[in-house]
Amino acid sequence: GTWQFLAIRLLEPNQGESVVQDRIDDVESFYHLLLWMALRYTAHILDSEHLTSSLRENFDASYRDREGKPYIGTARIANMKSGHLIDEAHFANAGIESVLQGMQRALCERYTDPKVSFKNAPLPDVQERRQQAEKNKASGLKTLENSTWLPNLLDLVLDSNAIDWEANGGRVNHKLTKLSKFATSNLKRKTESGLHPEGSRKVSRKSGTTTPQDNRSGPN
């Protein structure tokens, strides 16, 4: 699992709690990979400088806590919640954009918290918005629990007569600009092994337990 495409919740501080990667995490990883591929190799309106910055901020930016553990920056979760990066890109191929938007609308509910977003807001209209946000969250999480949701979404988009997959369907090799030394400090591709110190992996093997990368059959 490439670090840049792992589910957000696997890369957030967890206060020492054990986090187990599940099926929905894998679906989210597919979303991140598809978004990266679409930004890098399909037609959209972002210029080279904007694209380079967006790719870095959304996929590569990270920080380390006092113990040296890496965590993602804030851009990826912000874009997951809002769908802003998809809207900003204006992908020329309607099919790709439709799939990304459909996935984002469901996956974003993993990270929304209406009680926090609308706390200390007693006004009636705000409370109505909170209630609607809670309904959206429940609906989104229920959708993600359905193992046929993503195949159904793909079938719906692929079978739609309103979408011309041939239009703007060719590969586009976008030129990326050179980043500053500070910006490139976090660009080295990281894998899950980077999230688990070598010592902890050795202890896990001796004890018979496993870490996520131990369960992988090989590199992606």
> Where the side chain of His174 meets the backbone of Thr42, is there a donor-acceptor pair that is under 3.5 Å apart?
Replying inline: yes
> Going only through I, L, V, M, F, W and Y residues with side-chain contacts under 4.5 Å, is there a path from Leu51 to Val172?
Replying inline: no
> Met103 and side chain to side chain contact (heavy atoms under 4.5 Å, CB included): which partner among Leu153, Ile86, Leu154, Leu35?
Replying inline: Leu153
> Hey, is CD on Gln101 packed in by over 12 heavy atoms from elsewhere, all under 6.0 Å?
Replying inline: yes
> Distance-only, no hydrogens or angles: does the Ser160 side chain make a donor-acceptor pair with backbone N or O of Leu156 under 3.5 Å?
Replying inline: no
>> What's the separation between atom OG in Ser54 and atom CG in Asp47, rounded to the nearest 0.5 Å?
In response: 9.0 Å
> Under 3.5 Å, side chain of Arg130 to main-chain N/O of Val116, donor-acceptor pair present?
Replying inline: no
> Any donor-acceptor pair under 3.5 Å linking the side chain of Asn152 with the backbone of Thr148?
Replying inline: yes
> Heavy atoms, side chains only, cut-off 4.5 Å: are His32 and Met80 in contact?
Replying inline: yes
> Can you name the closest pair of heavy atoms from Ser62 and Trp3 and give their distance?
Replying inline: CB-CH2, 3.3 Å
> So, does Ser29 use its side chain to make a donor-acceptor pair with the main chain of Asp25 at under 3.5 Å?
Replying inline: yes
> Heavy-atom distance under 4.5 Å between the side chains of Ile96 and Met37, does that happen here?
Replying inline: no
>> Please give me the minimum heavy-atom distance between Leu144 and Trp149, naming the atom from each residue.
In response: CD2-CZ3, 3.7 Å
>> If we ignore hydrogens and angles and just use 3.5 Å, is the side chain of Asn173 paired with the main-chain N or O of Tyr41 as donor and acceptor?
In response: no
> How far does NE2 of His44 sit from NE2 of His50, to the nearest 0.5 angstrom?
Replying inline: 10.0 Å
>> For the CG atom of Leu107 and the CG atom of Leu100, what is their distance to the nearest 0.5 Å?
In response: 10.5 Å
> Would Asn136 and Gln132 satisfy side chain to side chain donor-acceptor pair (under 3.5 Å), going step by step from the backbone distance to the final call?
Replying inline: CA-CA 6 Å; Asn136 292 342; Gln132 184 59 52; 3.0 Å; yes
> With no hydrogens and no angle check, do the side chains of Asp60 and Gln4 hold a donor and an acceptor under 3.5 Å apart?
Replying inline: yes
> Taking C-beta and beyond as the side chain, do Phe59 and Leu39 meet within less than 4.5 Å on heavy atoms?
Replying inline: yes
> Do Arg76 and Leu11 have side-chain heavy atoms sitting under 4.5 Å apart?
Replying inline: yes
> Which pair of non-hydrogen atoms, one from Val157 and one from Gly95, has the smallest distance, and what is that distance?
Replying inline: CG1-O, 3.7 Å
> Do Leu176 and Arg40 come close enough that some side-chain heavy atom pair is under 4.5 Å?
Replying inline: yes
> Would a distance-only check, ignoring hydrogens and angles, find a side-chain to backbone donor-acceptor pair under 3.5 Å from Ser139 to Lys135?
Replying inline: no
> Below 4.5 Å, heavy atoms only, C-beta onward: do Glu12 and Ile77 meet side chain to side chain?
Replying inline: yes
> What is the distance from atom CG of Leu46 to atom NE2 of His90, rounded to the nearest 0.5 Å?
Replying inline: 9.0 Å
> Of the non-hydrogen atoms in Ala106 and Thr143, which two are nearest, and what is the gap between them?
Replying inline: CB-CG2, 4.3 Å
>> With a 4.5 Å cut-off on side-chain heavy atoms, are Asn58 and Trp36 touching?
In response: no
>> Between Lys137 and Thr112 (side chain of the first, backbone of the second, donor and acceptor by atom type, cut-off under 3.5 Å), is there such a pair?
In response: yes
> Can you find a pair of side-chain heavy atoms, one from Glu145 and one from Ile24, that are under 4.5 Å apart?
Replying inline: yes
> Between Glu28, Lys81, Arg9, which is the residue that forms a side-chain hydrogen bond (donor to acceptor under 3.5 Å, both in side chains) with Tyr111?
Replying inline: Glu28
